[in-house]
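Below, chain A is the first sequence line, B the second, and so on; all start at residue 1. The structure presented is a predicted model; accordingly, all values stated were derived computationally and were not measured.
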2 protein chains.
Amino acid sequence: MISETQNTTLTQRLTDSGLRSTPHREVVYQVILAKRDHPTAEEVFDRVKVQMPTISLATVYNCLDALVQCGLIKQVNFVREPTRYCPNLHEHAHFHDETTGEIHDIGIPADLMARLRSILPSDYTALSIDLSFRGSARSPSTQPDHHD
Amino acid sequence: MISETQNTTLTQRLTDSGLRSTPHREVVYQVILAKRDHPTAEEVFDRVKVQMPTISLATVYNCLDALVQCGLIKQVNFVREPTRYCPNLHEHAHFHDETTGEIHDIGIPADLMARLRSILPSDYTALSIDLSFRGSARSPSTQPDHHD
DNA sequence: AACATTATTGGAATAGTTCCAATTCTCACT
DNA sequence: AGTGAGAATTGGAACTATTCCAATAATGTT
Ligand SMILES: [Mn+2]
Ligand SMILES: [Mn+2]
Ligand SMILES: [Zn+2]
Ligand SMILES: [Zn+2]
């Protein structure tokens, strides 16, 4: 269930970007927040259809684009894999566990972010920074994901 | 023109991975080395066709996969863009300039690589690390020059 | 040379995403 | 509350990038 705060944030952020808050966009955002993993568009589609069976895949893509535009989710890409969507707004890296297929969020300390920016020549302006790891986690159960 | 050293390296690396050195693979590697940018498979295809007009796109994909497998090139991905291929074997990040569409290599100091690894929980083993920036190489206030 | 293995090929198939034109919805203004 | 303009949604077609496939060619080994 979506909280009042989340709903307000959603409406606010959409409006700020000149977009409307619609039932479809609300449900798409809700299912991404409900299970804080990194679903593909198809996976979002499957989850949304439970509550809104008539929604189309095109609309899911449109809604995801709207949420990306207003900054509530981010797109995550791995080599030759479909785009995934991430609702974690903190600075973080992604660890793609090739054994389980899972994607884990890894927090990035503020000073490391600064260090990352510092390797760029002075005339390069970075709008976004992506840091991702690929590998495997030895004992999956002992390290819970970092969430807000 | 491919140097003797490069050719030896290629043959060596392919053989070490249980693959054969073939004219197709040599030319594909050669065109990637000749212009050290980050071409897509289609761009590699276009360049290879100059010297080897009968090569097929499927073979270009096969050759690129072979070169990736033997570690001579790396795949680079950006959100919703085709895979690009990079012959720079040093540890480096990628800066995707959205103004020009160009991709620039940014060296990563050894101590920063170590620091990056250090943010992972101890039971996570990273086989590869990808660091990429998206932005513009010109400051926003500067008037863009038109050339070419 | 014969054989087994590997590479190449064109085209079909697939996957993911975007596009499009028709329809429906929303909201601002009467 | 009704009207109209703009925005969102829809299904399906189109598109792009990549992979698959089965036939053919090349290669290296005995
Ligand atoms: Mn995976
Ligand atoms: Mn680009
Ligand atoms: Zn994430
Ligand atoms: Zn590179």
Whole-Å distance, A:L14 CG to C:dC25 P, equals 20 Å

Looking only at the side chain of B:A58 (C-beta and beyond, no hydrogens), which of the listed nucleotides C:dT9, C:dC19, C:dG16 gets closest?
C:dT9

Taking the side chain of B:T22 as heavy atoms from C-beta outward, which of D:dA8, C:dA7, D:dA17 is closest to it?
C:dA7

Short side-chain N/O contact from B:H24 to OP1 or OP2 of D:dA26, under 4.0 Å:
no

Hey, which sits more toward the 5' end of DNA chain C by its nearest nucleotide, B:S56 or B:R25?
B:R25

Between D:dT18, D:dT10, D:dC20, which one does the side chain of B:L57 approach most closely?
D:dT18

d(CG, A:D65; P, D:dA7) in whole Å:
17 Å

Interatomic distance where CD belongs to A:E42 and P belongs to C:dT14 [whole Å]:
15 Å

Could you tell me whether a side-chain N or O of B:H92 sits under 3.5 Å from a main-chain N or O of B:H90, the two making a donor and an acceptor?
yes

Return the 5'-most residue of the pair B:S21, B:N77 with respect to DNA chain D, ranking by each residue's nearest nucleotide.
B:N77

How would you label the contact of B:T54 with the nucleic acid (heavy atoms, under 4.0 Å): base, sugar-phosphate, or nothing?
sugar-phosphate

Starting at atom CG of B:L67, determine the distance to atom P of C:dT8, rounded to an integer number of angstrom.
10 Å

What nucleotide, of C:dT8, C:dT9, D:dG12, holds the atom closest to the side chain of B:I55?
C:dT9

Among the candidates C:dA7, C:dT17, D:dT18, find the nucleotide nearest to the side-chain atoms of B:R80.
C:dT17

Which of C:dT8, D:dA26, D:dA8 is nearest the side chain of A:R20? It is D:dA8

Rounded to the Å, how far apart are A:L19 CG and C:dC27 P?
13 Å

Report which part of the nucleic acid A:T40 touches: base, sugar-phosphate, or nothing (heavy-atom distance under 4.0 Å, all strands).
nothing

Member of A:E81, A:R84, A:E102, A:H38 meeting the side chain to side chain contact (heavy atoms under 4.5 Å, CB included) criterion with A:H96:
A:E81

Can you tell whether the side chains of A:D111 and B:R115 come within less than 4.0 Å, N to carboxylate O?
yes

Remember a base hit wins even if backbone is also touched, and classify A:T59 as base, sugar-phosphate or nothing at under 4.0 Å, heavy atoms.
base

Distance in angstrom units between B:Y61 OH and C:dG10 P, rounded
15 Å

In whole angstrom, what separates A:N62's CG from C:dT18's C1'?
9 Å

Here the distance between atom P of D:dT19 and atom CD of B:Q75, to the nearest Å, is 8 Å

Under-4.0 Å salt bridge between A:D16 and A:R13:
no

Salt-bridge contact A:R80-B:D65 (side-chain N to carboxylate O under 4.0 Å):
yes

